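Just so it is clear, the structure is predicted and the values come from calculations on it, not from any experiment. Quick note: numbers below take in every heavy atom, side chains included, and nothing from hydrogens, waters or symmetry partners.
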Amino acid sequence: MAIYIINGGVGKHIAFTALIDKLAEKGEVQMMTAYPDVFRHHPKVKASYSHEEPGLYDRVPRDTDIVFREPYYSPFVFAKTHLLYEWAKLLGIEYEGELPQWHSCKKWCREAKEVIKRIPKKKFILVQFGGGQSPYDVNQPRVFIPQGQRRAYPLNMAQDFINQFTKAHPDIAVVNYSMVNEEYSHLGGCCVLNTAYWLYPELLKASMGFVGIDSSLQHMAAGVGVSGVVIWGATGPEQFGYPIHGNISNTTNHHMRPLCVRFGDNKNADGSMWVDRDILSTAVPVDKLMEVTDAMLDMKLNKEEAKGIAEEDCDCDDDCGEDCKCKGA
């Protein structure tokens with residue numbers, strides 16, 4: 001039996017689910033994370049614990065392997081391989097392009113259906129133009145700590161895109177994944193739902209797709225098999241992305257600066273000092289983003305418009321309380 005410990009954001013946690021099937025071949029899988037809900041309904045995860053759960057180690061058998069492997073402190077920082085490839089190597093398994101897996105329960109599906117009723121139009125897309133903070137306590141008034149603009153799409157360009165999109169597609173609503181205390185939550189022409197992050201995978205299933213940056217929404221979408229458009233800046237799809245999505249960038253010069261800086265490396269590969277690039281000069285133009293988004297919508301309109309929400313993964317019901325079959329509940 002092993003307990004796998006993960007640090008980092010919700011997107012990183014969802015990405016890790018791509019490795020669970022192969023880890024389960026080695027033995028029983030348990031998780032200890034800041035986001036236990038990511039793993040709570042996975043059929044091959046026996047238990048999912050919170051880092052903050054009191055008395056946890058008093059209940060864990062003494063022969064349990066405690067496994068912590070941090071890919072951000074590996075050759076991954078050189079930006080030559082995918083996060084999951086290096087993570088798998090550290091864990092002694094092989095990564096062969098598996099996608100993340102998101103598993104829900106009947107309770108979450110019902111809650112997501114109620115949330116969808118608040119969206120003003122039947123058809124909708126989701127957008128995420130900035131990110132980097134925890135999605136917990138979405139209604140808790142907190143000071144937003146910016147995570148830098150390396151991955152974000154410029155605010156004025158995001159608004160321009162929404163304006164163009166809503167004009168071109170008046171029958172499709174734009175649902176903003178941003179949290180209430182982020183500047184991106186104030187974009188006009190959007191619907192902000194202020195709901196739990198674990199419901200968004202179900203919303204993605206019912207959507208026409210998404211447009212976002214390198215952040216949690218693209219990992220969620222991959223986890224439920226929903227394609228969308230991902231805008232890349234300082235990071236690239238070869239590091240964090242998935243071929244299921246339309247990955248677009250205005251530069252081929254992706255840098256892993258947020259990670260390299262942790263090693264005290266403030267220089268480029270040629271020895272010159274690193275200076276944050278002008279985000280406006282490297283951002284994907286709005287007309288290009290509209291073109292790729294329209295192509296995504298055309299493709300989906302030629303198929304089924306949305307997968308819809310299915311109640312299948314976990315049999316937990318109503319309150320997810322003490323009698324629930326969920327792992328770690």
Side-chain angles (χ1 to χ4, degrees), residues 2-35 38-39 42-45 48 65-103 131-132 147 150-151 201 212-249 251-263 265 268-269:
I3 292 182
Y4 295 90
I5 300 176
I6 303 179
N7 288 333
V10 64
K12 184 180 174 187
H13 283 68
I14 297 171
F16 184 87
T17 62
L19 307 178
I20 288 177
D21 282 353
K22 287 188 176 177
L23 289 174
E25 294 175 3
K26 298 174 61 176
E28 205 168 74
V29 174
Q30 300 185 66
M31 303 300 305
M32 185 185 303
T33 87
Y35 301 96
V38 170
F39 309 97
H42 195 294
K44 294 187 179 179
V45 174
S48 183
D65 289 332
I66 308 296
V67 182
F68 175 66
R69 302 289 184 270
E70 179 50 79
Y72 286 176
Y73 294 94
S74 78
F76 171 69
V77 298
F78 299 125
K80 295 181 179 180
T81 54
H82 197 279
L83 171 77
L84 291 170
Y85 174 82
E86 292 295 344
W87 214 342
K89 280 204 308 182
L90 292 172
L91 292 166
I93 58 176
E94 185 177 0
Y95 177 63
E96 299 177 294
E98 294 86 354
L99 293 176
Q101 301 177 30
W102 182 273
H103 296 273
Q147 302 297 309
R150 295 183 179 95
R151 292 184 298 156
I213 58 166
D214 168 23
S215 199
S216 57
L217 192 63
Q218 69 122 351
H219 296 287
M220 288 180 180
V224 291
V226 173
S227 60
V229 178
V230 184
I231 312 161
W232 297 90
T235 58
E238 67 278 5
Q239 301 161 292
F240 292 102
Y242 308 99
I244 187 177
H245 300 320
N247 297 296
I248 58 172
S249 173
T251 176
T252 58
N253 185 26
H254 299 125
H255 290 279
M256 209 54 222
R257 305 313 304 181
L259 304 185
C260 293
V261 166
R262 300 182 185 186
F263 290 82
D265 176 12
N268 291 308

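Separation of the Trp87 and Phe16 ring centroids falls under the 6.0 Å cut-off.
Between Pro100 and Ile14, the shortest heavy-atom distance links the atoms CB-O, 3.3 Å. Nearest approach of Ala222 to Ile244, heavy atoms of both residues: CB-CG2, 4.3 Å. For the residue pair Tyr35 and Val10, the shortest heavy atom distance occurs at CE1-N, 3.6 Å. Of all non-hydrogen atoms in His82 and Pro237, the two that sit nearest each other are CD2-O, 3.9 Å. Closest approach of Ala2 to Val67, counting heavy atoms only: CB-CG2, 4.1 Å.
Between atom NE2 of residue His103 and atom OG1 of residue Thr17 there is a gap of 7.5 Å, rounded to the nearest 0.5 Å. In this structure, Asn7 CG and Met32 CE are separated by 11.0 Å, a value rounded to the nearest 0.5 Å. In this structure, the separation between NZ on Lys12 and OG on Ser216 is 14.0 Å, given to the nearest 0.5 Å. To the nearest 0.5 Å, the span separating CD1 on Ile231 from CG on Asp214 amounts to 11.0 Å. Note that CD of Glu25 and CD1 of Ile20 are 12.5 Å apart. Values are rounded to the nearest 0.5 Å.
The closest side-chain heavy-atom distance from Tyr4 to Leu19 is not below 4.5 Å. A heavy-atom distance below 4.5 Å is found between the side chains of Phe39 and His13. Leu90 places a side-chain heavy atom less than 4.5 Å from the side chain of Ser74.
In this pair, Phe240 and Phe76 present their aromatic rings perpendicular. The plane angle is above 60°, beyond the 30 to 60° band. Between His245 and Tyr242, the ring planes are perpendicular. Angles over 60° get that label, and only those under 30° would be called parallel.
Of the options Gln239, Glu238, Gln218, a side chain to side chain contact (heavy atoms under 4.5 Å, CB included) to Trp232 is made by Gln218 and by none of the others.
Side-chain atoms of Tyr95 come within 3.5 Å of backbone atoms of Glu98 as a donor-acceptor pair (strictly under, hydrogens ignored). Remark: side-chain polar atoms of Lys26 are paired, donor with acceptor, to backbone N or O of Leu91 under 3.5 angstrom. Lys44 places no side-chain N or O within donor-acceptor distance of the main-chain N or O of Val29, the cut-off being under 3.5 Å.
Ion pairing between a basic and an acidic side chain is recognised when a charged N comes within 4.0 Å of a carboxylate O; Glu86 and Lys89 show such pairing.
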### Task
Determine, stepwise, if the pair Gln101 / Asp21 fulfils side-chain hydrogen bond (donor to acceptor under 3.5 Å, both in side chains).
CA-CA 10 Å; Gln101 301 177 30; Asp21 282 353; 2.9 Å; yes
### Check against side-chain contact (heavy atoms from CB on, under 4.5 Å), His42 and Met31
CA-CA 11 Å; His42 195 294; Met31 303 300 305; over 6 Å; no
